[in-house]
Protein chains: 2
Amino acid sequence: MSRITIKDIAKLLQINPSTVSRALKDHPDVSPETKKSVRQVADELGYQPNFQAIHFRNRRSGLIGLIIPEMNMFFLPSVIQAIEETIRKKGYNLIVFQSNDSLEREVEIVRICQGFSVDGLLISVSKETQDTEHFRELEEDGTPIVFFDRVVQQSGFPQIVIDDKQVSVIAVEHLIKKGYQRICGLFDKPNLSISQQRYRGYKQAMENHGRKVALEYCIFADDMDMGRVLFGTLLHHQEPPDALFVMSDELLAGAMQAINEKGFLIPSQIAIVSISDGKLPYFFNPGITHIRHSGAIVGNMAIDLLFQLLTNPDYVQEINLDLDTPLVKLGSA
Amino acid sequence: MSRITIKDIAKLLQINPSTVSRALKDHPDVSPETKKSVRQVADELGYQPNFQAIHFRNRRSGLIGLIIPEMNMFFLPSVIQAIEETIRKKGYNLIVFQSNDSLEREVEIVRICQGFSVDGLLISVSKETQDTEHFRELEEDGTPIVFFDRVVQQSGFPQIVIDDKQVSVIAVEHLIKKGYQRICGLFDKPNLSISQQRYRGYKQAMENHGRKVALEYCIFADDMDMGRVLFGTLLHHQEPPDALFVMSDELLAGAMQAINEKGFLIPSQIAIVSISDGKLPYFFNPGITHIRHSGAIVGNMAIDLLFQLLTNPDYVQEINLDLDTPLVKLGSA
DNA sequence: TTGTATGCGTTATCAA
DNA sequence: TTGATAACGCATACAA
């Protein structure tokens, strides 16, 4: 026998499958004796409910989709660790997709999610994503969607973000107040709204203090290695920066490699402030002063909001996590 | 209309659902005209196949399960990044579970995987897992299972591993040959077979060179922080170690924090060799000499093997990745 | 309290 | 080449 079904149990007990079904889910109007014998036989036979059939029948999948641009060792692990835990507790399961920063792929993935009838979707969008067209259909089906981290501006979808601009202002002002003169800004891919916001914050802080933004001190890098190379080049300038604001852990890792290669001392030759998940900064000596933007908190807020929406579809809300982003002063600035 | 089905298309075209089904999958004996009109209507209506129904009908899920002890920023991201990519290419999807290093939870997850009829399973086992009882049923159903990284010794299941003992011998001998005298070994949870194997390698290397293993220099730590604390304590000993062999990136991160706190210089006061995914070692100054045990390679091999088994169930094999684990000499030893 | 009948969306089998 | 039918495993409205 390949796999035990409700029918098998029913046949063995000479009762109807529907009774077995009810007994197994502790339906009130099944006699205790029936329940008992059903459970016993189910145990003996090693019955495992067929989720596919159940979900199919119930028009739900028990799956929460997670779409990320690409897996990496920064930020996302914290997010995943957090959401998987909650999802499991609620009896759901997590299905993970990488868009590889391609809109085309993202669109396809959203279709797959539809095909799977995911009960909810968490997404950090690709760098090519400018609007939310491809989510409309899912939304119309009533599937809750929560955006986090990399979001689409003014999409109207619920999202978990920080005030990227404001947070960056705080970080950069910390450097300015400490008296640093040539402050480099190291940002992610330039077409990401998160990069733009953080760049605006950098610019704003500079202007607030009468500094002008020198373009050669503003670096946009696609990934860690590009960050390493571009920032490394800048360190070889006649007038290298004396401080660095870096918007992510990934780029911090790149910058640190450049600094190591060049042999600059922190903070005497180069001061650093970053926005970070809060782990990487402690790996270095001295530790890196950072604004803590915890992936775990983002993940938790995102999944909690998603479940809120699952229960109560009208509960639309944007959540801003600024309160949870303290400036952690370590040795680097 | 909530969602377009094959029936809707059929009704609209006044033909039979089965014909629509065949047309949509380009079945040879459907007339070109029928196919054309079906496709057109399907497009117009925005038909999306219902995977749940398809998979249910086909008794397969299109899902590959991945069970890991717990998500973290070391090693696993590389694995996930690699396998998700392959899985997507093959038209499957990835469902991710954390056992939280609990056997009980692992057992439950395996049951869930059965319930979902996953088409294959990749697993790095919990620290409590000593046998493979709970996989037997899945195996009997014909579901291929591949173990990686944290495996169960002599389980008979296909697995992707390195010769942990031998690799550790090489790492530690590198330190011995460089003349270091008091070589500390920093290992993961003591009941993991991977920890035991790597400890044995450490011991073997020492004994090969007539060194005796001092127990106070052998540290087993559950996680990064415990590694930081325990190794930090050791650094304060009268006779602190002059070299460190550390078996994972996570513990390397912990050890580096301890070293930073203590202010020891690398390699003059403390030399280091690690086993690493190959990213973290470059974050430090000097870089950390390591044996590269790439999560990407492990992930690729694991998922490739899984798909082999999916196609050809008799293709049982254990794969040993020693050839892909070079000693990368950076500045730390 | 239990049984009967039906359907979720799809596809394989058989018949036409 | 197409249609009718049944079935995958389960759950529920309804009948008894």
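A note on names: the letters A, B, ... follow the listed sequences, proteins ahead of strands, and every chain is numbered from 1.
In this structure, A/Ile54 atom CD1 and D/dA11 atom P are separated by 5 Å, rounded to whole Å. Atom CD1 in B/Ile6 sits about 16 Å away from atom C1' in C/dG7, given to the nearest Å. Distance, B/Leu13 CG to D/dG3 C1': 15 Å, rounded to whole Å. Atom NZ of A/Lys11 is separated from atom P of D/dC10 by 13 Å (rounded to the nearest Å). Regarding B/His55, its NE2 atom lies at a distance of 16 Å from the P atom of D/dG9, rounded to whole Å. A/Asp29 has its CG atom 9 Å from the P atom of C/dT2, to the nearest Å. Nucleotide C/dT13 holds its P atom 10 Å from the NE2 atom of B/His27, rounded to whole Å. Atom CD1 in B/Ile4 sits roughly 11 Å away from atom P in C/dT10 (whole-Å rounding).
Residue B/Tyr47 places none of its side-chain N or O atoms closer than 4.0 Å to OP1 or OP2 of C/dG9. OP1 and OP2 of D/dC8 both lie 4.0 Å or more from every side-chain N or O belonging to A/Thr5. Here B/Thr34 does not reach the OP1 or OP2 of D/dT1: none of its side-chain N or O atoms lies under 4.0 Å away. OP1 and OP2 of C/dG3 both lie 4.0 Å or more from every side-chain N or O belonging to A/Ser18. In this structure, A/Ser31 does not reach the C/dT1 phosphate: none of its side-chain N or O atoms is under 4.0 Å from OP1 or OP2. Taking only side-chain nitrogens and oxygens, A/Lys7 never comes nearer than 4.0 Å to OP1 or OP2 of D/dC10. A close approach under 4.0 Å does occur between a side-chain nitrogen or oxygen of B/Asn16 and OP1 or OP2 of D/dA4.
At a cut-off of 3.5 angstrom, counting only N and O atoms as typed in the model, there is no donor on one side facing an acceptor on the other between the side-chain of B/Ser21 and the base of C/dA12. Taking 3.5 Å as the limit, the base of C/dG3 and the side chain of A/Arg22 contain a donor-acceptor pair of atoms between them.
Minimum atom distance to the side chain of A/Arg57 is reached by C/dG7, of the listed C/dG7, D/dG3, C/dT2. Proximity note for B/Arg59 (side chain, C-beta onward) versus D/dC8, D/dA13, C/dG9: the nearest is D/dC8.
The pair A/Asp26-A/Arg39 meets the salt-bridge criterion, since a charged nitrogen lies less than 4.0 angstrom from a carboxylate oxygen. Taking a cutoff of 4.0 Å between a charged side-chain nitrogen and a carboxylate oxygen, B/Glu108 and B/Arg111 do not qualify as a salt bridge. We find that B/Asp101 and B/Lys127 are not joined by a salt bridge, their nearest charged nitrogen and carboxylate oxygen being 4.0 Å or further apart.
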Check against ring-ring contact (aromatic ring centres under 6.0 Å, His included), A/Phe116 and A/Phe97: CA-CA 13 Å; A/Phe116 269 104; A/Phe97 305 88; 7.5 Å; no

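Residue A/Pro17 is out of contact with every strand shown, counting any heavy-atom pair closer than 4.0 Å.
Considering all non-hydrogen atoms of both residues, A/Arg150 and A/Pro69 come closest at NH1-CG, 3.4 Å.
Stacking of the aromatic ring of A/Phe56 onto the base of C/dC8 is found: the ring centres lie under 5.5 Å apart and the planes are inclined by under 30°.
Below 30°, between 30° and 60°, or above 60°: for B/Phe147 and B/Phe157 the angle between ring planes is between 30° and 60°, a tilted geometry.
Place A/Asn50 and B/Pro32 on DNA chain D by their nearest nucleotides, and B/Pro32 ends up nearer the 5' end.
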